[in-house]
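Everything below concerns the one structure shown next.
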Amino acid sequence: MRKTMLPLAAALLACAALATPGLAQPTVTVVDYGGTWQAAESKALFQPIAKKLGVTLREDSLQTIADIRLQVQSGKPTWDVVALGIGECLAAAKEGLFEPVDYSVVTNAADFPPELRGPNYVPGTVWASFVLTWSKEKFKNGGPQSWADYFDTKKFPGARAAYNAPRFMLEAALLADGVAKDKVYPIDIDRAFAKIRAFRKDVAVWYTSFGQAVDLINAGEVDVVPVLDGRIIDAIAKGAKWDFTFNQGIINAACSAIVKGAPNKATAMKFLNEMLDPELQANLTNYFVYGPMSPKVYATGLIKPEVAVKLNSYPANFKMQVVLDPHWWADNRVPVQSRWDAMMKE
Amino acid sequence: MTDDRNAAVHAREARHERARMLGLALPALAVIGAAVVVPILWVLYLSVLDVQGHFTLGNYLVLATEGANLSVIVTTLKVSLLVTVVSVVIGYPLTYLLAQLPPSLATICMLGILLPYMTSVLVRTYAWMVLLGRRGIVNTMLVWLGITDAPLQLMFNTTATVIGMVHVMVPLLALPLYATMRAIDHGFLRAAASLGAGPVATFWRVYFPLSLPGLSAGTFLIFVTSLGFFITPTVLGGGRVTMIGQQIATAIATYDGFGVATALGVGLLAATAILLGFAMRVLRLDLMRAP
C-alpha cells in the first residue's frame, strides 16, 4: 500500500509545486533501509544537508536492490539518492541501476580509500560490523571472545544462533579455524563450509534477518549470537543483559549512489557530496552508535571521546576487525549461495 | 408446432439468461483478470528474460540444477499437505460441534475462531515462541512437573512450523465447512435412522458426504494458502524449513534481475497445478460440488 501510494503522493506534491512557482525549490528523495536507523540518519544528516543546500527533502525506504530495479524498470524513478551495503552497490552498479558519479562535485569522496568507491557509487555514511555477542546472565564469568569460542560448544556451552547466509558466516568460520585476519580473502570455500557443516548440529536456530536475531536475544532463546553491532548496542541500551566484542568482527562498508534516471540528478550529486562530509558524519554519532566511514571524522574533534571509543570505526576497534571484501563476494555470491542452500537442506 | 414455438422461446430465454449472467460476472472477471491473470503472465514473461532483457531458458536451468531449488518445492508441497491434513483432523470435529450447537451459542463460538483469524500472522507466530520457547509456558510446565530436567527444544523445526501454520489455517476450513454443515437437512439423518442406520453409519454414509463441498473448499483454500507461507516457517522453522517464499527472497537477493526468482514462482505454480489436477482426477472432486 505504501509503495503504491508514495508515487501518487509524490505526483500530487509535484503538481502542487508546479502550480505555485514562487515557492518551488529543488527536491531530493533519499532512500535508506528505514527503521530507527534511517530516522537517526535523517535527523543527523539528511535534514541538515537539505537545509544547507536549500532543498526539499523526501524520504523512502528500501529492502533489497530489487526495489531499485523496480524503480529503474518503471522508466520514471522517483528516487534520487540510495544508501546500501557496499556489496549491494556493486551488484546494482553491474546491473546498470546507477548514474555515473560526477567526482568534480562529490569532492569529499577523495578522503576515502579508492577501493570503497567506483564509477557509479561512493562510500556511505557508516560501517556495520558482524560481531560476536553473548548473554551476560549465561556467562557470568566472561563470555566467548573469538570466533573459535563461538564454534566451541564444549568450552562455552550454550544455545547458538547463526546467520542463515554465507556472507559473514564463511569469514567467521575461517577465523575460527585459525586463518589469519589478513589471509581470509580469497575465501577457502571448502574449508569454511567444512567448519560450518560440522557446527550445524550445535546451532539451535538459524536466523534470516538481523531483526529476527534481536528478537531471539530478547526472548531468551539463545545464549551466543553473531549480529550487527548497531543491533546489539541498541538492544543493550534497551535493557538486554548482553555483551559483545569487536575482536574479529567482520566489518562491512556502506555506499551511496544515484538511481539511474533520477528526477533530481544535479541536486542529488550535491547531496551525495554532503553525505561524505566529515563534520556531518560526526554528527551521526549523537543519534546512533554506528561508526562513521569518513577517515577524517575522528580528527574533527566533534565526536565525544566516551562515544568514540564505542564505535566500530574508532581506530583501536577498527584494527581488531576484518574488512569484508565486497569484490570477492560480487564474484562468488551466486555459486556460494547455491552451495549454502544445498548444505542447509542436507 | 407449439412445441417448436416453445423451444424457440426457451432458447431465447436461455440466451438472455446467459447474457445477463455474463454481464453480472463481468466486473468480477475484470478484477480477476487485472489482479490474477495479468500478474501471472508478467511473472511468466520475466522468468524467460536474462539481465539484458533477452529471451533465455537459463533461469529454469538454475531452477532445475542449482541450490536445492527442487528440494525446496518438495518441502513446500510436503509442509502444505501436512498442514492441510492436520487442519482437517482438528477442524472437522470442531466445526461439526459448532454446527450442532444452537445458533446463538454457535455464533459466539464462531467469534472465538474468527477473532484470532483477524490477528496478524506475525503476532500469532510470535505467540508460539512464547508458548514453545526455552522459557515458554510448555517447557516451564514440563520442568515444574518434573517430566523433564531441562527445557526441550520444541521450536525451530518442521513440527513447530506445522503447528504454527495449522493455527493460522483452521479458520479457513471452519468457515466454508460451517456454512455447508448448517445447510444440511436433518430430515435426511432422521430418515437414515428410521431405516435402521446406527449413528456411525448415519454419519459416514449420509452426513459426511453432504458436508464434502465445504470440506473440499476448505481443504483447497488451506493447501493453496499454505504454499505461500513466509513468516511462520522463517520464525518457527529456524532455518530448518525452507519454503518457496523464503527461497524466492534469497533468489532476489542473490541473482541479478528477477529471472531466477520468477522462475521459482512459475515452478511452484506448475507443480501445484499438476498436483491439484491429479487430485481432482483421483478424488473426483468435481463430483463434490454442492447439490
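From a predicted model like this one, the values you see are computed outputs, not experimental measurements.
Among all heavy-atom pairs drawn from Glu95(A) and Val51(B), the shortest one is CG-CG1, 4.1 Å. When every heavy atom of Ala342(A) is checked against every heavy atom of Ala68(B), the shortest pair comes out as CA-CB, 3.9 Å.
One finds the CG atom of Asp341(A) at 4.5 Å from the CD atom of Gln247(B) (value rounded to the nearest 0.5 Å). Note: Ile252(B) CD1 to Gln63(A) CD = 10.5 Å, rounded to the nearest 0.5 Å. In this structure, Asp256(B) CG and Lys94(A) NZ are separated by 4.0 Å, a value rounded to the nearest 0.5 Å. Atom CG in Asp223(A) sits 4.0 Å away from atom CZ in Arg134(B) (nearest 0.5 Å).
Side-chain atoms of Gln212(A) come within 3.5 Å of backbone N or O of Thr234(B) as a donor-acceptor pair. At distances below 3.5 Å, not a single donor-acceptor pair connects side-chain atoms of Arg135(B) with backbone N or O atoms of Ala219(A). Gln153(B) places no side-chain N or O within 3.5 Å of a backbone atom of Ala204(A) that could act as its donor or acceptor partner.
Contact annotation: the side chain of Thr242(B) never approaches that of Met344(A) to less than 4.5 Å [non-hydrogen atoms, C-beta and beyond]. Residues Glu221(A) and Phe156(B) are in side-chain contact: their nearest non-hydrogen atoms beyond the backbone lie under 4.5 Å apart.
Near-neighbour residues of residues 153-164 of chain A relative to chain B, defined by a heavy atom under 4.5 Å from a heavy atom of that chain, comprise Ala159(A), Asn164(A). Taking non-hydrogen atoms and a 4.5 Å limit, the residue list of residues 251-261 of chain A in contact with chain B is empty.
In terms of heavy-atom pairs under 4.5 Å with chain A, the best-connected choice from Gly136(B), Gly257(B), Ala261(B) is Gly257(B). Taking Asp215(A), Ile65(A), Thr64(A) one by one and counting their heavy-atom pairs under 4.5 Å with chain B, the maximum is reached by Asp215(A). Options Ala251(B), Ala249(B), Gly239(B), Ala253(B) differ in how many heavy-atom pairs under 4.5 Å they form with chain A, and the most are formed by Gly239(B).
Counting non-hydrogen atoms of other residues, nucleotides and ligands closer than 6.0 Å to OH of Tyr126(B) gives a total above 12.
For chain B, no part of Glu88(A) is nearby; none of its heavy atoms comes within less than 4.5 Å. Contacts of Phe258(B) with chain A are made by both backbone and side-chain atoms, with heavy-atom separations under 4.5 Å. For Thr75(B), no part lies under 4.5 angstrom from a heavy atom of chain A. Within the 4.5 angstrom heavy-atom criterion, no atom of Val336(A) approaches chain B.
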